[in-house]
Structure formats: C-alpha cells, structure tokens
Amino acid sequence: MLACSTACYGSFRTPVIDWIPILQTLLGRQVACVLVLLVQAKGSTPRDVGARMIVTQSKSFGSIGGGTLEYRVIEEARRLLKSGSDQKPVRHLRTWHLGADAGQCCGGECTLLLETVPPLNHAWLDQLQHYQDSAPCVMVTSLNASALSAYDGKLIITEYLAGDVIKESLADDQEIIAPLVRTLLASPGKAAYSLQLVYRKPGDTPPAYLLERYGPDMFRLVLFGAGHVGKAIIRVMSGLPCHITWIDGRPDMFPATVPHNVTTIVSDTHDRIIADAQPGTFFLVMTHSHPLDLDLCEHILRRGDFAYLGLIGSKTKRERFTKRLIQKGLGQGVVRRLTCPIGIRDIPDKDPGVIAVAVAAQILQQRNTIAPVTDTAVTLATLVKV
C-alpha cells in the first residue's frame, strides 16, 4: 500500500510555452527530445513551478529562467539524449542550488524533472491535447520505472474515466492516488494548471508520482483585421497562452506563415464567427472599414458573454460609435463595455508595435481581473495515509 505525503503547489496559470504542439511536431519529425519541468522552487528563483522547456540536440524551446542554470540544464538534457534509450523514456530529478551550483545571485533552490521522450507514438500526448482544451484532466507521471510501465509511465485521467482507469493501472497505489486526482479535477477557478509531488512517506525522496492538472486555461482571442496593427498584435499575442482566430476578407493580407496557436480565416461575413466563439472570448476589432467595425461591435455587444471587446480608434470614434450603437437599441450599460481607445493608458505612441504591447498588457490586466490567480492550495491531509 502506498502511504504518501504530498507537496502541493496550488493553482497557477499554464506556463507560457504551448509545449504540446511543439512536442508533437518534433516527434512527427522523429526528433528525440527532453522535457524539462520545474517541479519545486524554494527561496528566490527566476521562474515559478510549472515552467517548462523542450530540449533537442540542436535547439531548445521555452525557458526555466535563463542564465547559468538554464545553460547547464540544457547540457544535462543533451547528455541524457546521448546516453538514453531510443525506446523507453528516462526520468531524472535533480535539485539545483542556484548560488552554489549555478553562481546565480537569486540564491534559491530549484528541483527539475528531466524526461527523455523517444520519437515514438505516445498515446498520452494525443490524449492530453484532446482533453486539456475541453475539460480538466490530470496527468499522472510515475517517477518509479516499474509503475505504469505499460503506459510509458504516464496516465491521463478525466472526471469520466477516473475510477476505472486508476483501478486498472495503479494497483495498490489507487487508494491514495484516486482521491488526490478527484480533488484536483474538482478544484475551482480558471488557473487551470497545478502540480503535486506524491511521496511514499513524509520526508522521503525521491517522490513516487507527479500529478499535473490541466484544463482549458488558454484564453481565446478573436482578432478582426490584418493590417499593420493586426500583424503587430499577432507578433506579441502569439507568445502568450492563448488561441487566436484571425479574420480578414482579404487573403493577401495574411503572412505566408503564422504561429502555431493562430488560425486564419478569410471571410467577409462575421455573424457565424461571432456566434460560434466560446463564452469568455476576448475580441479585438481593427478592420479597414468603419461601417464593418460598427457592425462587428454591435453583434459582439448583443452577444454579451465576452470577456473583452476592444476597438481601435480615438475618443472621437468612440463617441460616434456610442451614439450609433444606442440608436440601434443597445443600452448605455452595454455600450460602456466597449473599450476604445485600446491599450493601457499613458502610452500615447501610435507605432503598431507599441500599440500591440499596450493592448496585450490591457488584455492581461482584464484577464486577471476576471480570473485572479490565487494561492489556494488544496488541503489533502485528510486524504493521505501516513
């Protein structure tokens, strides 16, 4: 019977790197890599728990904080790639003391999980991609080579599959893991990523399991307009944890390639796009046509369940749009939800790049207002047998 203590780091926003499609692309090209995950942080550290990197023999994606620590971790990851198996993943935990081991003045302590991912088909990766965009799920990673060996050491569990999957896969460990998974799946809030280490007994090392909760935390942005500011918005926002739908009726306005989290739509009709957007979507309107801008704003405001509606333009444009929208039957309280001009205050520069940064900051402010990140770590003492 697994008797365990847990380290629970609460809920926080999903790390910026959208690592799943990057990993899928690498594996599709038969490129072996190492996943690097910050699983524990003490004192002052350059990144929070949950920061992640992907390392290949020639490239790296994401960051665990830069500096000497990151350089040495990349070196160690590449040593693992050279010495590891082409068929089975290898998982390695290491604690770095930033002062003594890396010469960094922040002086804290980081525990990192380095995990080789051979270029094979990994069912857990496809399952995680499928579930995390639609419903909360928990990925259970065995840090013991013998557990979950039939599943590449990983198990994806959803609310609907929890009981049967855990019973089949975890044997005697199920009585402890099952309640932890259920608690994570039921945890409230939009800060959908959380991480837990599960130990066999208090003070034991290394931990036996890593539990990660994923959910649909990538916010959604619908951007109308592919002009200079629209392109600058894409360059800035595509580096944030969001899915972007980018619409313009002029196909030649889009660049030849777009970031992996951007979907382009060539269309002059927008009613269905607005209607199909998920509740809580962020909208930006910056087309080449003021009448089209007005029509888009009206449809989005009438829908009502959006998180943010930003319209590019001046205070004069806002006054004119407000008057016309009220004439169309929208109430003053509804129209007040329209943000125009866009971007955080006190940045008057009209350069597209500057506007894009100011708008991204405003969207992030609004997002945190709607779904604040709290340190409400789940208390598991009543569920753990010690």
Side-chain angles (χ1 to χ4, degrees), residues 13-29 31 33 35-37 47 50-56 58-64 66 70 117 125-126 128-130 132-134 192-193 214-267 270 273 276-278 280-287 307-308 310 312 342-343 351-367:
R13 294 215 180 273
T14 308
V16 168
I17 177 177
D18 193 3
W19 63 275
I20 296 175
I22 295 173
L23 183 56
Q24 288 175 320
T25 299
L26 291 172
L27 296 180
R29 297 174 181 174
V31 177
C33 58
L35 283 176
V36 180
L37 175 64
R47 291 293 302 273
R52 192 184 297 265
M53 290 180 65
I54 298 176
V55 181
T56 71
S58 59
K59 294 182 179 180
S60 65
F61 307 85
S63 175
I64 55 167
E70 186 165 303
V117 186
L125 185 61
D126 295 333
L128 182 59
Q129 174 73 77
H130 173 74
Q132 74 152 0
D133 288 335
S134 57
Y193 181 82
Y214 291 85
D217 187 51
M218 300 278 286
F219 69 93
R220 297 182 182 274
L221 172 67
V222 175
L223 169 60
F224 293 98
H228 294 301
V229 177
K231 291 181 174 69
I233 291 284
I234 293 297
R235 287 193 292 270
V236 173
M237 296 294 295
S238 61
L240 300 178
C242 63
H243 296 291
I244 305 172
T245 304
W246 192 13
I247 306 104
D248 200 294
R250 304 163 293 174
D252 57 329
M253 294 299 292
F254 293 110
T257 60
V258 296
H260 63 84
N261 57 336
V262 177
T263 301
T264 59
I265 298 177
V266 178
S267 177
H270 307 103
I273 294 171
D276 288 345
Q278 293 187 7
T281 293
F282 291 73
F283 290 92
L284 280 173
V285 176
M286 47 185 67
T287 77
Y308 169 92
I312 196 168
I342 52 175
D351 180 84
V354 177
I355 294 173
V357 171
V359 170
Q362 186 176 57
I363 287 175
L364 292 176
Q365 285 178 335
Q366 178 68 8
R367 182 175 180 236

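Position 1 is the first residue of the sequence, and the numbers go up from there. What you see is a predicted model, and the numbers here were worked out from it, not measured in a lab.
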Min side-chain heavy-atom separation [X]-[Y] under 4.5 Å:
X: Glu70; Y: Val36; value: no
X: Leu125; Y: Leu23; value: yes
X: Leu223; Y: Met286; value: yes

Nearest-0.5 Å distance that lies between atom [atom1] in [X] and atom [atom2] in [Y]:
X: Phe219; Y: Leu364; atom1: CZ; atom2: CG; answer: 5.5 Å
X: Met53; Y: Arg47; atom1: CE; atom2: CZ; answer: 10.0 Å
X: His130; Y: Leu128; atom1: NE2; atom2: CG; answer: 11.0 Å
X: Arg367; Y: Leu221; atom1: CZ; atom2: CG; answer: 11.5 Å

Test side chain to side chain contact (heavy atoms under 4.5 Å, CB included) applied to [X] - qualifying residues, sequence neighbours left out:
X: Ile355; value: Val229, Val359
X: Thr281; value: Arg220, Val222, Ala277, Gln278, Phe283
X: Val357; value: Val236
X: Asp351; value: Asp349, Val354

### Message
Run the salt bridge (Lys or Arg N to Asp or Glu O under 4.0 Å) test against Asp276 and tell me which residues pass, sequence neighbours left out.
### Response
Arg272
### Partners meeting ring-ring contact (aromatic ring centres under 6.0 Å, His included) with Phe224 (sequence neighbours left out)
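Phe224 satisfies ring-ring contact (aromatic ring centres under 6.0 Å, His included) with His270 only.
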### Task
Would you mind listing every salt bridge (charged side-chain N to carboxylate O under 4.0 Å, His left out) that reaches into residues 224-249, with sequence neighbours excluded?
Asp248-Arg250
### Task
Measure from the ring center of Phe61 to the ring center of Trp19 and say whether it is less than 6.0 Å.
no
### Non-neighbouring partners of Ser267 that pass side-chain hydrogen bond (donor to acceptor under 3.5 Å, both in side chains), sequence neighbours left out
Thr269
Can you list, pair by pair, the side-chain donor-acceptor contacts under 3.5 Å of residues 258-265, counting residues two or more places apart and other chains?
| residue | atom | partner | partner atom | Å |
| --- | --- | --- | --- | --- |
| Asn261 | ND2 | Ser238 | O | 3.1 |
| Asn261 | ND2 | Cys242 | O | 2.9 |

